[in-house]
Peer 1: 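Please find one structure pasted underneath; my questions will follow.
Ligands are counted one by one from 1 in listed order, and the atoms in each one are counted from 1 as well.
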Amino acid sequence: MPYDYDDQNIFAKILRGEIPNDTVMETEHSLAFRDITPQAPVHVLVIPKGPYVCHDHFAAQASDAEIVDFMRLTARICATEGISPGEGGEGFRVIGNAGEHALQEVPHYHLHILGGRNLGALLEKQ
Ligand code: 5GP
């Protein structure tokens, strides 16, 4: 898959410690931190530490260990942030933007975990 990773993106700089972040949780292969412009009371970004551009790049190229670590971390965030319906929370949405049509701003794979309020419809009607 011909993805070209730009190591000057803002999340790469966060991973290298060049830019501060509000870390929620860190694991061997992944980092979760609060979005600088939160769209909901809970807005956490989860990123792999490896150089992946977006969802299909990560899902196709990352090791099993990276993928499991990343997915388990998203579950732990939902639980600890109190938004998991399985833990008595009121629900959440996970969003992964990729490329131009999704208006991906930062070309390092990330999932947005959003919750803490009613999030409305998935997409605006055109
Ligand atoms: P995208 O549109 O790429 O899916 O979302 C990128 C997200 O990264 C946006 O929600 C934006 O607010 C967030 N963001 C951009 N720069 C920074 C930063 O320097 N620190 C943090 N914590 N979040 C950032």
Peer 1: Could you tell me if the side chain of His29 sits less than 4.5 Å from the side chain of Leu73, heavy atoms only?
Peer 2: no

Peer 1: Using a heavy-atom cut-off of under 4.0 Å, does the side chain or the backbone of Ile36 touch ligand 1, or both, or neither?
Peer 2: both

Peer 1: Which residue owns the protein heavy atom closest to atom 15 (C) of ligand 1, what's the atom, and how far is it?
Peer 2: Glu105 OE2, 3.6 Å

Peer 1: Within ligand 1, which atoms have a heavy atom of Leu45 less than 4.0 Å away?
Peer 2: 8 (O), 23 (N)

Peer 1: Taking the side chain as every heavy atom from C-beta outward, state whether Thr74 and Arg72 have any pair of such atoms under 4.5 Å apart.
Peer 2: no

Peer 1: What protein heavy atom is closest to atom 22 (N) of ligand 1, reported as residue, atom name and distance in Å?
Peer 2: Arg34 O, 2.9 Å

Peer 1: Under 6.0 Å between the ring centres of His108 and His110?
Peer 2: no

Peer 1: Taking the side chain as every heavy atom from C-beta outward, state whether Ile113 and Ile83 have any pair of such atoms under 4.5 Å apart.
Peer 2: yes

Peer 1: Mind telling me whether Phe33 and Phe11 have parallel, tilted or perpendicular rings, with 30° and 60° as the class edges?
Peer 2: perpendicular

Peer 1: Which ligand 1 atoms are under 4.0 Å away from a heavy-atom of Thr37?
Peer 2: 12 (O)

Peer 1: Tyr109 and Tyr52: aromatic ring centres closer than 6.0 Å?
Peer 2: no

Peer 1: For atom 12 (O) of ligand 1, what's the nearest protein heavy atom and its distance?
Peer 2: Asp35 OD1, 2.5 Å

Peer 1: In ligand 1, which numbered atoms sit nearer than 4.0 Å to a non-hydrogen atom of Leu103?
Peer 2: 2 (O)

Peer 1: Does only the side chain of Phe11 get under 4.0 Å from ligand 1, or the backbone, or both, or neither? Count heavy atoms.
Peer 2: side chain

Peer 1: Which bit of Ile95 gets closer than 4.0 Å to ligand 1, counting heavy atoms only: side chain, backbone, both or neither?
Peer 2: neither

Peer 1: Mind checking whether His112 contacts ligand 1 via backbone (N, CA, C, O), side chain (CB onward), both or neither, at a 4.0 Å heavy-atom cut-off?
Peer 2: side chain

Peer 1: For atom 6 (C) of ligand 1, what's the nearest protein heavy-atom neighbour? Residue, atom name and distance, please.
Peer 2: His110 NE2, 3.6 Å

Peer 1: List the atom of Val46, the atom of Ala32, and the distance in Å for their closest heavy-atom pair.
Peer 2: CG2-CB, 4.1 Å

Peer 1: What protein heavy atom sits nearest atom 16 (N) of ligand 1, and how far away is it?
Peer 2: Ile10 CG2, 4.0 Å

Peer 1: To the nearest 0.5 angstrom, please state how far the CG atom of Asp69 sits from the NZ atom of Lys49.
Peer 2: 8.0 Å

Peer 1: Compute the shortest N/O to N/O distance between Val106 and ligand 1 and return yes if it is under 3.5 Å, no if not.
Peer 2: yes

Peer 1: Which of the numbered atoms in ligand 1 are under 4.0 angstrom from any heavy atom belonging to Asn97?
Peer 2: 1 (P), 2 (O), 4 (O)

Peer 1: From Arg117 CZ over to His43 NE2, what is the distance, rounded to the nearest 0.5 angstrom?
Peer 2: 10.0 Å

